[in-house]
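Contents: one structure, followed by commentary.
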Amino acid sequence: MIAFVLRRLSAAIAVALLASAALAQDFPKRPITMIVPFAAGGTSDVIARTVAEQMGIALGQTIVIENVAGAGGSTALARASRAEPDGYTIAIGNAGTNAATYTIYPKLPFTPDSFMPIAMVAKTFGIIALRKDFPAKDLKEFIAYAKANPGKINLGHAGVGSSNYLICKSFVTAAGIDATLVGYRGAAPALTDAVGSQIDGVCDAAASVSQSINEKLVNGLVVGSTVRLATLPDLPTSAEAGLPEFEAQGWNGLFAPKGTPPAVIAKLNAAARAAVETEAVKKRFADLSTVAPDADEHTPEVLQQLVTRDVEKYRKLLADDAKQ
């Protein structure tokens, strides 16, 4: 009896694998939707559009970007988790949307297991930038000003749970200051308000704030990386500025709904790998102070490890932010 059951199980697995392979062979036969959890113009959006264009070329199909802003990215992830698991709906996420959000919003209609990792596509670097008329001109002056004016400084971010929010939290925790963190529906509107001096500054990724710093629309304060960025050679690292505890090196990765056939995941992974290795993406990333993953970091397994690590990391950092 046991042998019969095992034979039936083996046959079922074989059929499933053959069906998955057949589906992947024809995939994709129509355009793919890539859900971006934030408004157009922010870091995730820019990276998504850059990668999607080249992935589409590799796959022979258009990848359509759909911006779904709200709740620090959880609105978009909820939509992605409910999508048909056929590879035609994928999402780009980061440590905020796919790790920290589970601490901040513990009653979400999805879990880390609701998604299958496809590939990490970018490494990002967090920056603190201030309105150009802010009285402090360097990090030491800023921290002194913040401590003399507790709760009066406001820093914008892309919504609670976003990677930019994590930059803010990491920064104020490391600096030991009391600042008001103002959430927006994306990085772009937060930066717009900083440029217009409606808020004191922003916690942002180099990909979306570098140009504004170079055009002197805002003043760069510090970058949370171990080395200076080529596009912002005058911006000090956190260690150089006297705050080595501030670390803000993040990632962006692609995810598919749970149940997507492994062969389809493999085809999407191959397209993502091909995309980030193109000269077009390398050049765009260099302009954005963004780095493509190393050769051994392209696998779904590496992305899964990042999610698992950061879920625990931000459970500790954001314990006080959990919403009931």
Side-chain angles (χ1 to χ4, degrees), residues 42-43 72 95-96 100 103-104 124-206 208-210 212-226 228-229 232 234-250 289 313-314 316-323:
T43 303
T103 293
I104 299 170
T124 59
F125 304 94
I127 287 174
I128 306 300
L130 305 176
R131 55 182 169 86
K132 58 186 178 182
D133 55 347
F134 194 87
K137 300 306 179 185
D138 59 33
L139 184 59
K140 183 177 179 180
E141 288 184 10
F142 176 82
I143 293 176
Y145 183 95
K147 290 185 175 180
N149 298 273
K152 295 183 179 180
I153 290 176
N154 45 67
L155 299 174
H157 57 82
V160 174
S162 68
S163 61
N164 289 1
Y165 177 71
L166 302 182
I167 295 170
C168 273
K169 286 290 290 188
S170 297
F171 175 67
V172 298
T173 300
I177 60 174
D178 176 11
T180 300
L181 307 184
V182 184
Y184 287 78
R185 292 178 66 83
L191 180 57
T192 296
D193 273 6
V195 170
S197 294
Q198 302 302 308
I199 55 176
D200 293 316
V202 289
C203 310
D204 208 341
S208 56
V209 76
S210 293
S212 294
I213 293 174
N214 283 325
E215 292 178 356
K216 301 189 184 306
L217 299 176
V218 291
N219 294 329
L221 188 67
V222 63
V223 57
S225 67
T226 56
R228 292 199 181 201
L229 305 180
L232 296 167
D234 296 328
L235 186 64
T237 67
S238 51
E240 291 172 334
L243 192 66
E245 299 83 1
F246 173 49
E247 298 180 2
Q249 299 187 46
S289 295
K313 173 183 176 180
Y314 291 114
K316 296 176 181 177
L317 179 66
L318 306 173
D320 292 340
D321 291 334
K323 297 183 182 299

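What you are looking at is a predicted structure, and each value in this text was computed from that prediction instead of being measured.
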Contact summary for [X] and [Y], nearest pair of heavy atoms:
X: Arg131; Y: Ala194; value: CB-O, 3.5 Å
X: Ala174; Y: Leu243; value: O-CD1, 3.4 Å
X: Ala100; Y: Gly161; value: CB-O, 4.4 Å
X: Ala129; Y: Val218; value: CB-CG2, 4.0 Å
X: Gly42; Y: Ala187; value: CA-CB, 4.0 Å
X: Gly156; Y: Ala190; value: C-CB, 4.2 Å

Does any N or O in the side chain of [X] come within less than 3.5 Å of the main-chain N or O of [Y], such that one atom is a donor and the other an acceptor?
X: Lys140; Y: Lys137; result: no
X: Asp200; Y: Asn154; result: yes
X: Ser238; Y: Phe246; result: yes
X: Asn219; Y: Lys132; result: yes

Picking from Ser208, Ser163, Ser162, what satisfies side-chain hydrogen bond (donor to acceptor under 3.5 Å, both in side chains) with Thr43? Ser208
May I ask you to test the [X]-[Y] pair for a side-chain heavy-atom distance under 4.5 Å?
X: Leu232; Y: Ile213; answer: yes
X: Ile177; Y: Ile153; answer: no
X: Leu235; Y: Arg228; answer: no
X: Val209; Y: Leu191; answer: yes
X: Phe171; Y: Leu139; answer: yes
X: Leu221; Y: Phe134; answer: no
X: Val222; Y: Phe142; answer: no
X: Pro135; Y: Tyr145; answer: yes

Distance, nearest 0.5 Å, that separates OG of Ser197 from CG of Leu217: 10.5 Å
Measuring from Glu245:CD to Thr173:OG1, what's the distance to the nearest 0.5 Å? 11.5 Å
Taking atom types as modelled, is there a side-chain donor on Asp193 or Tyr184 under 3.5 Å from an acceptor on the other? yes
Between Asp204 and Ile127, does a side-chain contact (heavy atoms from CB on, under 4.5 Å) hold up when you go through it step by step? CA-CA 5 Å; Asp204 208 341; Ile127 287 174; 5.6 Å; no
Exactly one of Val202, Ile128, Val160, Leu155 clears side-chain contact (heavy atoms from CB on, under 4.5 Å) with Cys168, and that residue is Leu155
Kindly indicate, with the supporting measurements, whether the criterion side-chain contact (heavy atoms from CB on, under 4.5 Å) is fulfilled by His157 and Ile167. CA-CA 9 Å; His157 57 82; Ile167 295 170; over 6 Å; no
Applied to residues 154-177, the salt bridge (charged side-chain N to carboxylate O under 4.0 Å, His left out) test, sequence neighbours excluded, yields Lys169-Asp321
